[in-house]
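Here's the structure, in structure tokens; my notes come after.
Order of the sequence lines sets the chain letters (A, B, ...), proteins ahead of strands, with each chain counted from 1.
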Protein chains: 2
Amino acid sequence: MTDEREFLESYDPAEFAPVSVTVDVVALTIRDGQLHVLLVERGGHPFAGWRALPGGFVQDEALDAAALRELAEETGLRPGEGDLDRVHLEQLRSYGDPGRDPRMRVISVAYLAFAPSLPDPRAGGDASGAFWVPVDEVGELAFDHTTILADGLDRARSKLEYTPLATAFVGDEFTISELRAVYAAVWDEELHAGNFHRKVLSVPGFVESTGETSTRGGERGGPKARLYRAGDARLLHPALLRPAREDGIR
Amino acid sequence: MTDEREFLESYDPAEFAPVSVTVDVVALTIRDGQLHVLLVERGGHPFAGWRALPGGFVQDEALDAAALRELAEETGLRPGEGDLDRVHLEQLRSYGDPGRDPRMRVISVAYLAFAPSLPDPRAGGDASGAFWVPVDEVGELAFDHTTILADGLDRARSKLEYTPLATAFVGDEFTISELRAVYAAVWDEELHAGNFHRKVLSVPGFVESTGETSTRGGERGGPKARLYRAGDARLLHPALLRPAREDGIR
DNA sequence: CTAATAGTGTCTTTAAGACAATATTAT
DNA sequence: ATAATATTGTCTTAAAGACACTATTAG
């Protein structure tokens, strides 16, 4: 195509040092009341044997599609078969410092995925293994993935405040207590059951009642709870704000 | 380097269709009480003669540096000489749909820049001209820049709520009225002067008094106003929330 | 003088948070 | 029976918003 030739000639070849574009996914889920992230163990160099975020090269596809594909490949789950349908996926940000990959210039577009408890992953792709790791037990990761994970957690914690994101971590139908457990796990804070309950119900469109009630009470006793499903709100108003911590503000 | 050879051989060449990475900048400033965005007029194909966001190819530099460089080139301002020092720059998100550039696969990392009123730009780089345009007079833009601009405006409007970003649009020292004018321009809403005044002063670390007072009153009368400078808060707590609009929530 | 503006005061409504009470269920 | 839990009630405090008022300044 002539246009493309013109295009390629229109700028300094020095600017055209080869660049690769990858996607990396910060996939979060909650297991046993703890926030977990999906990690893979790298097979090849560099960082062989290190843990890393799942990811890979972008093919002839949209960025979102690449992220979903990588997630499916690394977990062994198939898109379109239920498991991955309920996954909420959003772009986090891009990372492109020269030198972040020792081999060549690589720009990574990071994604954030939220999922209800998923089965244990099957290894796939480049990874010699993939597994869910509690976020407070993640050590040093390959490349700049420690930074990416930290940014992803920040984003997730913040989005819980003003969006109904928490509903992405629970099943189609859930109790208010289950929802509270999501907030507690992601924020790593206790929440007052009574106030939380009233607050959630008072935000228009956050949850809607199914009219049903759970088949049994809590794990350790208590009455059966009413069931809710996600409402139609895309923003929570008023928001569910975390208590202000002095650090982070200044 | 052997690692690089291994690397390049380690994946399907089909995945290695050439990719370019660009940065595009949504640069916002306020002139005459109206929010303006910096646009360029494209010289070459495709979209010759169309308006577009300033941007260009990423060289051997960090992404942030590329954005700042492009901004400097398109405006004719020099970094490190004051004009651009007060510019707040942050990454917006990346855009990479296949086909967003008709010539080849281009991933664009978009940036958002906020600046106090800057001088009229001088043309530079590929652009046959660059200029500030009121955001409500921007027509259709080249590529997917209309979407990028919309995303940038959303981000800016939202960040005014919970960060001291508004101070990036005013000078080093400013009056509460000037700050209110920023909010009014970005949100395109009137704000109650009295309540706004009290609110701003009540948020810890948002502004701090200089002890000085402006040399003259408002444009059309009124007493001299006290001067403030930006405080040390990185987040506003409590936030300055826009009135909830029914749309946008659902 | 007139109109506009800076800054403060006051009151109402809404939301957040602490705490208590009651009924229901697992063990 | 005991302990934990779901849900609702009450009260206090913080914040938001509406409105009024005074003093000061440009024109």
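At a threshold of 4.5 Å between non-hydrogen side-chain atoms, the residues B/Asp97 and B/Tyr95 do not count as touching. A 4.5 Å side-chain heavy-atom check between B/Val182 and B/Thr167 finds every atom pair outside the cut-off.
Salt bridge status for B/Arg229 with B/Glu208: present, with a side-chain N to carboxylate O gap under 4.0 Å. A salt bridge does not link B/Asp188 to B/Arg157: none of the charged side-chain nitrogens sits closer than 4.0 Å to a carboxylate oxygen.
In this structure, B/Phe114 and B/His88 have tilted ring planes: the angle between them lies in the 30° to 60° band. Taking the six-membered ring where the residue is Trp, B/Phe143 and B/His145 present tilted rings, their angle falling between 30° and 60°.
Comparing the local axis fitted to the first five base pairs of the helix from C/dC1-D/dG27 to C/dT27-D/dA1 with the one fitted to its last five gives a bend of 30°, rounded to 10°.
Of the side-chain N and O atoms in A/Arg180, one or more sit less than 4.0 angstrom from OP1 or OP2 of D/dA6. Applying the 4.0 Å criterion to OP1 and OP2 of D/dT7, one finds that A/His197 has a side-chain N or O inside that range.
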Exercise. What string of B, S and - do you get for nucleotides 10-18 of chain D, 5' to 3', when a contact is any protein heavy atom under 4.0 Å?
Worked result: B-----SBB
For this session: List the steps, then state whether side-chain hydrogen bond (donor to acceptor under 3.5 Å, both in side chains) holds for B/Ser214 with B/Thr175.
Result: CA-CA 8 Å; B/Ser214 57; B/Thr175 68; over 6 Å; no
For this session: Could you please spell out the steps behind the side chain to side chain contact (heavy atoms under 4.5 Å, CB included) verdict for A/Asp64 and A/Tyr111?
Result: CA-CA 8 Å; A/Asp64 296 31; A/Tyr111 274 79; 2.6 Å; yes
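A cation-pi arrangement, defined by a distance under 6.0 Å to the six-membered ring centre and an angle within 45 degrees of its axis, is absent between B/Arg198 and B/Phe196.
Screening B/Leu149, B/Leu53, B/Val26 against B/Leu39 for a side-chain contact (heavy atoms from CB on, under 4.5 Å) leaves a single residue, B/Leu53.
Counting to the nearest Å, the C1' atom of D/dA26 and the CZ atom of B/Arg220 are 11 Å from each other.
Interface limits on DNA chain C: the 5'-most and 3'-most nucleotides within less than 4.0 Å of chain B heavy atoms are C/dA4 to C/dT10.
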